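Written out below as structure tokens is the structure these notes cover.
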Amino acid sequence: MTTPHGLELAPETLWRLGYRNFTRQQVKDALHEIYEALELAVGSRLANQMNKKQLDEFERLSTSDQRALAWLEKTVPNYKQVVHDEYDLLLRRLEGAITLARRQHRDRGMSGEGQS
Amino acid sequence: MSSRADMVWEGVLTTPASLQPQVAQIEQLIGPSETFKPNGTTTHFSDGAGSLIAITGGRGSGKTTLLAATCAHLRKTNRAVVLPPLQPQIFEATDSLLLALLIQVEDWISSRLSRATNENGHGHDVMAAIAEATRGISVSTGGALEALHASRESTGQYGVDAASIVRHRVRAASQLERVFVEIARGLGLPPTTPVIVPIDDADLSPVHVRGILDAIRALAQVSQAVPIICIDRRQLQLGVAADIVGSYKGHLNYTDATQLSTQVIAKMLRPERTISPPWLSIPERIAFTPIGETVSLGALLGERSDPTSLSSLIWSLAERYGDSELRGANAWLPETPRELEYVWETVSAIQRVPSSEVLPVHHVRRLIQHLFDYGREYDVAVESAVSGVGKSSKKGLVLKWPAASLGVAAAGRFATAVSTGRLRLRVRKLARITAIVAAEASDAASGANEARSLSPGTVAGIQALEELAICGRLGTAGKVMPFYIGLREFEFLQSVPINGETTDDQFFFMPDSSGVQAINRAGTAWNDLVSYARRSSRERQRSGATEMVRKLIHLVTTYWLKGTESALAAKRIPALQRSMQSASLEYLKRVQNDDVSHHEMYSLSRAYCHWFEQRLPYLFHQNLLERETVSVIEQWLDAISAGPRAVEATTELRAALEGRFSKKFDEERRRKLGENSWIYGYEALAGNIGTELHADILVFRDPYNERRRSRPAGSKVLVGAVGLSEAKGTYEYSTHNTVEGDDDMKVLLEVLEQYRSR
């Protein structure tokens with residue numbers, strides 16, 4: 001989903017993926033978990049593209065968001081693509097897992113009805 | 001107390017020559033003579049095998065005599081400070097052995113220091129050290145539970161209080177050490193001079209025998225202290241078994257308790273440091289003067305009986321019992337000093353009865369026959385045949401374990417051994433074993449309401465953990481852990497299953513102060529947690545315990561990282577603080593929900609938490625983690641606790657460690673410590689806990705720099721690229737948690753876990 005940020009993680013994202021039984025707190029927890037996982041995955045991929053010297057420099061710059069981003073744009077120009085890739089991958093997995101779970105649940109239910 | 005003790009022990013007028021080899025043997029165990037050079041260059045006699053020396057033997061075999069003779073000898077040689085003997089059976093019930101020791105030492109030293117004080121001015125130092133140690137030990141033995149009760153308001157406060165208790169306990173041990181140093185200095189001796197602590201009949205106070213044993217072992221850890229204890233193994237075993245049965249209120253049968261008590265004792269009494277008194281020759285027995293008396297038994301008997309008649313009696317008895325070795329005028333005398341003492345008591349009791357009557361020989365003969373017939377344990381009562389008022393010569397042998405409603409008393413009826421016109425002399429057998437078995441039988445008979453029974457393995461585990469309680473009480477940072485937790489300590493634990501599982505896989509912790517009512521429940525709870533943690537993540541999620549385990553493990557990990565209670569002060573890391581509080585509360589909830597009604601009095605859960613949160617991580621941190629690993633963690637901690645990355649680093653660390661158990665201990669360090677290290681016996685447990693943590697830590701160690709930098713990179717990028725919004729939008733929230741919602745959450749978390757670990 002495109003937003004002013006480019007991508008968004010919101011309650012509606014979960015609804016769209018199929019996670020529709022959460023309380024407000026569960027939604028909040030789920031979103032934060034997803035964001036953290038994404039953060040680590042993206043960070044790891046970017047860090048893998050940097051050498052030790054670049055990592056040192058990035059760490060030095062990381063006190064300032066603007067300078068860090070500008071530096072990233074120059075050093076790892078494809079970083080936005082990395083974010084998109086990871087975002088898509090993770091959401092696809094989430095959607096697939098819940099779809100599968102629903103199907104299995106339904107199948108078990110039907111099988112149970114048949115037996116009874 | 002001390003004046004009596006001094007009188008009693010210094011009243012040993014004769015030391016049989018045949019005791020000399022044993023005295024020399026004990027002296028050798030205390031240390032080679034060069035150890036005690038008065039030039040201050042002493043070497044530590046305690047080589048890690050423990051300084052405890054045990055004199056063992058049956059009742060009346062001469063243990064006390066040997067102990068007294070040893071003390072007398074050591075006093076003469078001036079190679080050691082010999083404290084007055086402790087006699088646990090005359091303690092007040094509320095005293096700990098260590099406190100009783102201090103009280104006694106205070107009295108004893110005050111008179112002896114009066115001269116020395118004038119010369120070197122150390123008297124004040126000794127008294128101050130004793131006072132300080134008394135305070136410290138009072139706190140360490142009595143204050144723990146109260147403090148835990150007093151801090152119910154908040155988990156954080158509880159933690160702080162628990163930490164404070166731990167500090168007190170550690171301090172108490174070092175204070176005791178200081179007392180001994182000051183005593184030596186006060187007496188003008190090198191500070192490393194051994195301090196002999198004679199403890200007589202340590203087994204004769206079975207009501208709190210395990211507490212006494214704990215204290216003795218604690219004492220053996222103090223550098224200079226050499227406890228020499230007299231113990232009748234069989235009696236001690238009975239006492240320990242009865243104490244165990246009593247502690248568990250009939251949840252454990254006597255057979256299992258006996259087995260456990262054997263193991264407890266075997267750990268403590270090491271063959272190489274155990275001495276038995278020699279058999280005494282007849283002349284020595286005759287010359288023997290019971291402790292506390294001033295003339296020999298032979299002399300007393302000679303005063304009261306016609307020697308000629310007595311001789312004929314002796315010969316007739318010798319014939320009756322077919323003892324060809326019994327020769328000579330006094331050959332009828334029983335074999336051991338204690339038996340002689342009994343005869344002494346009997347004769348003395350006769351003397352105390354207002355009667356001008358002298359017992360005819362045939363009465364004496366009947367009496368002695370009864371004594372033999374009843375065996376070595378008997379009670380003698382002398383009654384006035386006129387008034388019928390009995391006067392037992394032995395008091396205090398009626399023993400009770402109130403908690404278990406066990407009675408151990410003299411059993412059977414008095415049988416009249418001697419009866420004259422004026423007095424009756426009656427004898428009855430003492431039978432502790434019968435009493436304990438009877439208690440077991442009565443439990444079984446009454447016992448439908450005591451349905452829960454503890455397995456020996458469970459109790460073995462508890463015992464082992466009580467050992468660790470001692471360990472924790474005395475362990476100090478940077479110091480080798482108490483040596484008495486050695487190979488033997490956990491052998492038995494590792495050989496029995498706990499809750500159906502071998503202890504290679506599972507263990508649980510119980511505090512020393514928790515009481516035992518719900519111990520099985522708590523053990524099961526802990527085992528469940530461990531099981532959950534060890535299952536695959538999918539299984540754990542199905543079991544519904546993932547979050548619980550995650551938080552508990554995170555909690556333990558946090559403490560491991562810091563290693564001491566100082567982690568509690570980590571308020572500068574709010575995330576950790578919150579997490580710890582949350583985990584503690586959840587844990588409390590879990591345990592209390594099991595059965596709240598049983599936790600009101602002693603707050604098992606709090607005490608359990610104390611162990612879980614404080615001691616476990618502390619011990620593991622100190623002893624199991626390799627130094628390099630610790631330094632890596634510390635390096636990581638620096639990042640956590642300071643600077644702009646604190647929050648991120650905390651999250652990162654948590655993510656990396658959550659859901660995992662650690663399994664690494666420092667093998668090289670363990671080898672250096674040798675088999676006397678408690679780690680040695682703890683290997684299986686350490687194996688489980690340690691290796692996985694090591695694997696976790698390796699992850700940190702090698703790609704450490706890369707990992708710790710990757711998160712910020714992701715963070716910076718996502719800030720601009722992904723909008724995290726909690727705006728409801730069109731989402732229709734469920735009003736309460738549902739099974740479907742929980743199932744969805746499990747699916748989601750599972751996906752994330754796989755995603756993270758790809």
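Below, chain A is the first sequence line, B the second, and so on; all start at residue 1. No experiment lies behind these values; they were computed from the predicted model shown.
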[X] versus chain B, the contacting section by heavy-atom distance below 4.5 Å:
{"X": "A:L72", "answer": "side chain"}
{"X": "A:K80", "answer": "neither"}
{"X": "A:L90", "answer": "both"}
{"X": "A:L17", "answer": "neither"}

>> Quick check on side-chain contact (heavy atoms from CB on, under 4.5 Å): which of B:L748, B:L752, B:V751 does A:R93 satisfy it with?
In response: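 Answer after filtering B:L748, B:L752, B:V751: B:V751.
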> Would B:E726 and A:V27 count as a side-chain contact (heavy atoms from CB on, under 4.5 Å) if you check the C-alpha gap in whole Å, the side-chain angles of each, and the deciding distance to 0.1 Å?
Replying inline: CA-CA 8 Å; B:E726 293 176 11; A:V27 165; over 6 Å; no
>> If you define the side chain from C-beta out and look only at heavy atoms, does anything of A:N21 sit under 4.5 Å from B:M745?
In response: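 Not in contact.
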> Which region of B:T738, side chain (C-beta onward) or backbone (N, CA, C, O), has a non-hydrogen atom less than 4.5 Å from a non-hydrogen atom of chain A, or is it both or neither?
Replying inline: side chain
> chain A heavy atoms under 4.5 Å from B:D743: which part of the residue, side chain, backbone, both or neither?
Replying inline: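 Neither part; nothing is under 4.5 Å.
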>> Go through it in stages, so that I can follow the logic: the residues are A:Q26 and B:D742, the test is side-chain contact (heavy atoms from CB on, under 4.5 Å), and I'd like the CA-CA distance, side-chain angles, deciding distance and then a yes or no.
In response: CA-CA 9 Å; A:Q26 282 175 320; B:D742 291 345; 3.1 Å; yes
> Just checking heavy atoms, which of residues 94-102 of chain A are less than 4.5 Å from chain B?
Replying inline: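 Within residues 94-102 of chain A, near chain B: A:L94, A:A97, A:I98, A:A101, A:R102.
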>> Could you check whether any side-chain N or O of A:E12 sits under 3.5 Å from a backbone N or O of B:T730, counting only pairs where one atom can act as donor and the other as acceptor?
In response: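 Yes, the answer is positive, given that a donor and an acceptor are paired below the 3.5 Å cut-off.
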>> Which residues pass the ring pair (Phe, Tyr, Trp, His ring centres under 6.0 Å) test with B:Y731, not counting sequence neighbours?
In response: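 Ring pair (Phe, Tyr, Trp, His ring centres under 6.0 Å) list for B:Y731, sorted by chain: A:W15, B:Y733.
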> When rounded to the nearest 0.5 angstrom, what distance separates CD1 in A:I34 from CG in B:L749?
Replying inline: 9.5 Å
> In Å, rounded to the nearest 0.5 Å, how long is the span from CG of B:D744 to CZ of A:R20?
Replying inline: 10.5 Å
>> Ignoring hydrogens, what is the shortest heavy-atom contact between A:A41 and B:Y755? Give both atom names and the distance.
In response: CB-OH, 3.3 Å
